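Note on naming: letters A, B, ... go to the chains in the order of the sequence lines (proteins, then strands), and numbering restarts at 1 for each one. All values reported here derive from a predicted model rather than from experimental measurement. The analysis underlying the following values was restricted to heavy atoms, covering all of them including side chains, and did not include hydrogens, waters or symmetry mates.
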2 protein chains.
Amino acid sequence: MAQRGRPRGFDREDALRRAMEVFWVQGYDNASLADLTRAMGINAPSLYATFGSKEALFQEAVALYVRTEGSGIWEQVDTAATARAAIEQVLRTTAEAFTRGATPRGCMIVLAAPQMQGANAQVCDALKAHRQANGCLLERRLTRAVEEGELPASTDCRALASYIVTLQHGMSIQARDGASRETLLAIADCAMAGWEALTTDPN
Amino acid sequence: MAQRGRPRGFDREDALRRAMEVFWVQGYDNASLADLTRAMGINAPSLYATFGSKEALFQEAVALYVRTEGSGIWEQVDTAATARAAIEQVLRTTAEAFTRGATPRGCMIVLAAPQMQGANAQVCDALKAHRQANGCLLERRLTRAVEEGELPASTDCRALASYIVTLQHGMSIQARDGASRETLLAIADCAMAGWEALTTDPN
DNA sequence: CCTTTTTTGTATCGATAACTACAAAATATC
DNA sequence: GATATTTTGTAGTTATCGATACAAAAAAGG
């Protein structure tokens, strides 16, 4: 088959990745079309012909983010040997990922539109859904740990999952404010230091 | 003395409070002059004559927020009997303040410009300074607790303070995402459950 | 009354937002 | 080579952004 008309003069994946970085750094509303086209190395008509709209481009950028950047943080939750190891891995990987030199600091899902009140409600809702999915993922892992006997039946899996994702969200703010990797790791250590107390049957 | 010219037709404090709520809900960049003047019940020239600029209005709104809304959370840190009581009070008051029906959910200082990349760098810097001030406040309180013998000398006051403010920042995201007061209180309880482990000399 | 001072509403300013009309350019098919 | 198809860059669209010019309005001082 091959395409009929004039071939595209840029790499779609590469342009999408550059757009993702702009959204990651500036957020959805603050990323202007001019910012995006400059970073992507294309003009507005090419952007619209390829991605449809600013919102559609953002949604694709979110999907790319989740697939490439976010996966390192959450992918081992189900495969980790224990719930404790899973959560420690999440927090420590977060500390590392949020302080890489090459990528923006903090999580795009948390920082791109946190007011839940931007021009585009669908953008806010999609990001919120991704944030909540992480909490559900952790809660399921903790519930499984209870079923497997790692944790006592008295464990409040939902509260514990909320607590961890809340801390993880806060780490995005800290990272964007310039916190060092050591600081973020120390924060993770603080959370893990309380693990025994959080998962011991009080009776 | 008294003022010479035509008297102002609106209450300055009341207008500022309404502006604060707009910034609180929408963030700095997403709050347009039209949004602000509509909420304040005045026209743009009155806003500029009274407050100077959008940025100056925002800075005043931040000061009002810290003085009225934020004070309830942080004011008892120094006066609380123990560091533990101070921190528990911070977290529990946060859970309550972030889920009042009358005010926007979550903290304006965290949510108004978290990308650190908006049009106005001074706005970002001011908010960042306020965020970090809370961490310093907690760290000083913990250091005092070590000096007073409440906590062992081995306590990592800076890490512990960073951990608490990180969780508190994350609670803003959770609150804006719709978390209930019960959920936020449960998160606070999780943090406090680990207190002994965090403040016990390992030796 | 008249002058001075300040606030008010109207009606804008230039800049930029997201987005697109259009024709030249570049390819495959015939 | 002629035609069909798609992408390209240029130049624009309308709408809204933050911020103001300006004169009428409303007060105090003389």
Grab the [atom1]-[atom2] distance between [X] and [N] for me, whole Å please.
X: B/M40; N: C/dT8; atom1: CE; atom2: P; value: 11 Å
X: A/K54; N: C/dA17; atom1: NZ; atom2: C1'; value: 8 Å
X: A/D29; N: D/dC17; atom1: CG; atom2: P; value: 12 Å
X: B/D35; N: D/dG18; atom1: CG; atom2: P; value: 8 Å
X: A/L36; N: C/dT16; atom1: CG; atom2: P; value: 16 Å

Closest to side chain of [X], choosing from [options]:
X: B/R4; options: D/dG18, D/dA4, C/dT5; result: C/dT5
X: B/P7; options: D/dA27, D/dA25, C/dA18; result: D/dA27
X: A/L33; options: C/dT8, C/dC19, C/dA24; result: C/dC19

TODO: Report yes or no: do B/N43 and B/S46 form a side-chain donor-acceptor pair below 3.5 Å?
DONE: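 Side chains of B/N43 and B/S46: no pair found under 3.5 Å.
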Task: With sequence neighbours excluded, residues passing side-chain hydrogen bond (donor to acceptor under 3.5 Å, both in side chains) with B/T50 - done: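 With neighbours one apart ignored, the set is empty.
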Open item on the list: Distance check, rounded to the nearest 0.5 Å: B/Q174 atom CD versus A/L167 atom CG?
Closed with: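 Between B/Q174 CD and A/L167 CG, I get 11.0 Å after rounding to 0.5 Å.
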Task: Whether B/F23 and B/Y28 hold their rings parallel, tilted or perpendicular, with breakpoints at 30° and 60° - done: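 Ring orientation, 0 to 90° scale: parallel.
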Task: Whether A/Y65 and A/W24 hold their rings parallel, tilted or perpendicular, with breakpoints at 30° and 60° - done: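 Because their plane-to-plane angle is over 60°, the rings of A/Y65 and A/W24 count as perpendicular.
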Open item on the list: OP1 or OP2 of C/dA25 versus the side-chain N and O atoms of A/R6: is any pair under 4.0 Å?
Closed with: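 No, outside the criterion.
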Task: Close residues, residues 41-53 of chain A, relative to DNA chain D [heavy-atom separation under 4.0 Å] - done: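 Per residue number, the list reads A/N43, A/P45, A/S46.
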- [ ] Kindly state each residue pair satisfying side-chain hydrogen bond (donor to acceptor under 3.5 Å, both in side chains) with at least one member in residues 67-78 of chain B, sequence neighbours excluded.
- [x]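 Output for this query is empty, none listed.
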